[in-house]
Protein chains: 2
Amino acid sequence: MGIPERKEREKEHRREEILNAAQGVFFEKGLQTATMDEIAEAAELSKGTLYLYYKSKEDLYLGVMIRGMDILHNMFVEATSTDEPTIVKIKHLGDTYYRYFKEHRSFFRMFNFFLNPLLHTQVSEEMMGLCDSGNQKIWKLVIDLIQRGIDEGDIRSTVDPAECAIILWSNSNGIMMRMDTQEEYFKKMLGVDLERVMQKSMAMLFETMLTDSARQKVVSVS
Amino acid sequence: MGIPERKEREKEHRREEILNAAQGVFFEKGLQTATMDEIAEAAELSKGTLYLYYKSKEDLYLGVMIRGMDILHNMFVEATSTDEPTIVKIKHLGDTYYRYFKEHRSFFRMFNFFLNPLLHTQVSEEMMGLCDSGNQKIWKLVIDLIQRGIDEGDIRSTVDPAECAIILWSNSNGIMMRMDTQEEYFKKMLGVDLERVMQKSMAMLFETMLTDSARQKVVSVS
DNA sequence: CTATTTAATGACTTACGGTCAGCTATTACG
DNA sequence: CGTAATAGCTGACCGTAAGTCATTAAATAG
């Protein structure tokens, strides 16, 4: 009796179709401007049906965002699945996040909403839980890698891996957010190339975290 | 004939009263949740009147935010109006921004909205112009001070003052944003004290920008 | 073939940002 | 003064969009 199983598959399929439609509309219009009617039309369903699958517009938005998290996680896994030294992999993580920013800008923007609970008015506990675990998976990957860098003697043992991850992330993320919304402004007003700034600051932070012995390896690679 | 002048004053006064009411409501509820009806009631005016003074809810929100910018600017001016060495003043700027974050949290949160044009749906050109010039005044203050630090030989001449300002700001701001919304989360999940992280990372960045001769001065002060 | 459960619909409710015709108070002027 | 002109204010009203729910249609069970 495979009927319940088939129904479950169909339900899952419909959820995906709704996400596809929502993704298109949200990417084009953003959370505020997109309407549930538009998404329903794009999904070739009625608005009421959307609410059978997602509790609110914000939940639907986060549903799409989780896709973006998964993509980033996969890119991180791939970037660290080489046989290079750990310290090089860590550097690659930074480059990968920047590549993600360039190639998946719309997903990158969605993270903002997730990260700022003050913007949430209708997010369900369940959806928030899903997002949190996706988020944790990524942090864990980064922190574990930094820990390995410490264990292998390339990163100073005085560095706390979680703190280090937060610093690197805050810095790069902060600058990428400005690149996203005000790159031109900074260029015109201050004559600053934000991409260069980010690379500089990341290099700076990176440098201070390395042990003396590791410094040569990285220099010779990059 | 002082009637036009008096009327102008009264108009200005009314604008301020509206801002007072809006500030109370926005601080309590945030941009999304606050309603114009609530603000009108708090101001003891009708909703229509609000629109005679501000073009949209978002303009009104930014009107309040500009007050927060002025406060920050004043705090920066005060922090740098001492007779201490420039390099110490620069350090004080960082401390001052953190104090602002702690003491004027609601204003700090408003900056986010200003900085992200993707969130704007009804912001007028005029209001945006006002915000931009307030913003520029602050950047100028910081950048000029860093330039002075370079001129006086405390900051490496290889450092670009605007780039330096952006790096310091991005880093501190990025971490403070996390402190605002997820301090508990980071504490529980990763056992990390974000305040410590910020101080560490700022110290780190700061350190790499100093000339060798300046390093001793700062160490002996802090 | 009928009863029951499940899925989908779209008209409806509610809420809120923004508008505007009209009202009121103030000022200008003969 | 008294009246006309102007400026300031009002709140009922409009349009839009999120979210609901009684009803209908389809699939499954017996």
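Every chain is numbered from 1 and lettered A, B, ... according to where its sequence line falls, protein lines coming before strand lines.
The closest side-chain donor-acceptor pair between Tyr98(A) and Gln199(A), if any, does not fall under 3.5 angstrom.
Side-chain contact check for Thr80(A) versus His92(A): every heavy-atom pair is 4.5 Å or farther apart. By the 4.5 Å heavy-atom criterion applied to side chains, Leu45(B) and Arg14(B) are counted as neighbours. Between Met127(B) and Lys55(B), every side-chain heavy-atom pair lies at or beyond the 4.5 Å cut-off. Taking the side chain as every heavy atom from C-beta outward, Met202(A) and Tyr97(A) never approach each other to under 4.5 Å. Residues Glu28(A) and Glu38(A) have side chains not in contact (no heavy-atom distance under 4.5 Å, counting atoms from C-beta outward).
Nucleic acid contact for Tyr54(B): none, since no nucleic acid atom lies under 4.0 Å from a heavy atom of the residue.
Near DNA chain C, meaning a heavy atom under 4.0 Å away, the residues from residues 10-24 of chain A are Lys11(A), Arg14(A). Near DNA chain C, meaning a heavy atom under 4.0 Å away, the residues from residues 25-35 of chain B are Ala34(B), Thr35(B). Near-neighbour residues of DNA chain D inside residues 36-46 of chain B, defined by a heavy atom below 4.0 Å, number-ordered: Leu45(B), Ser46(B). Near DNA chain D, defined here as any heavy-atom distance below 4.0 Å, the residues from residues 112-128 of chain A are Gln122(A), listed numerically.
Regarding Glu58(A), its CD atom lies at a distance of 16 Å from the P atom of dA17(D), rounded to whole Å. Residue Leu60(B) contributes atom CG, which lies 13 Å from atom C1' of dG18(C) at whole-angstrom precision. Atom CG in Leu52(B) sits roughly 10 Å away from atom C1' in dA7(D) (whole-Å rounding). Rounded to an integer number of Å, the gap from Leu50(B) CG to dT10(D) P is 9 Å.
A donor-acceptor distance shorter than 3.5 angstrom exists from the side chain of Arg178(A) to the backbone of Leu115(B), with no hydrogens or angles considered. With hydrogens and angles ignored, the 3.5 Å screen pairs a side-chain donor or acceptor of Glu58(A) with a backbone N or O of Thr121(A). Arg67(B) contributes no side-chain N or O that, together with a main-chain N or O of Phe107(B), makes up a donor-acceptor pair within less than 3.5 Å. Without hydrogens or angle criteria, Lys57(B) side chain to Leu31(B) main chain gives a donor-acceptor distance under 3.5 Å.
Phe186(A) pairs by the ring pair (Phe, Tyr, Trp, His ring centres under 6.0 Å) definition with Trp139(B), not counting sequence neighbours.
Other residues, nucleotides and ligands place no more than 12 heavy atoms under 6.0 Å from the CD atom of Glu44(A). Annotation: Glu195(A), atom CD; neighbour count of heavy atoms from other residues, nucleotides and ligands within 6.0 Å is above 12. No more than 12 heavy atoms of other residues, nucleotides or ligands sit less than 6.0 Å from atom CD of Glu78(B).
Side-chain N/O atoms of Tyr51(B) include none lying less than 4.0 angstrom from OP1 or OP2 on dT10(D).
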Spell out protein contact along nucleotides 21-26 of chain D as letters: B when the base is contacted, S when just the sugar-phosphate is, - when no protein heavy atom is under 4.0 Å; keep the 5' to 3' order. ------
In sequence, state the C-alpha distance, the side-chain angles, and the governing distance for Phe113(A) and His120(A), and then conclude on ring-ring contact (aromatic ring centres under 6.0 Å, His included). CA-CA 8 Å; Phe113(A) 175 76; His120(A) 304 178; 4.7 Å; yes
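Counting distance only, with no hydrogens placed and no angle test, the side-chain atoms of Lys47(A) and the base atoms of dG19(D) include a donor-acceptor pair under 3.5 Å.
Nearest heavy-atom pair, Ser46(B) versus Ala40(B), reported as atom, atom and distance to 0.1 Å: C-CB, 3.8 Å.
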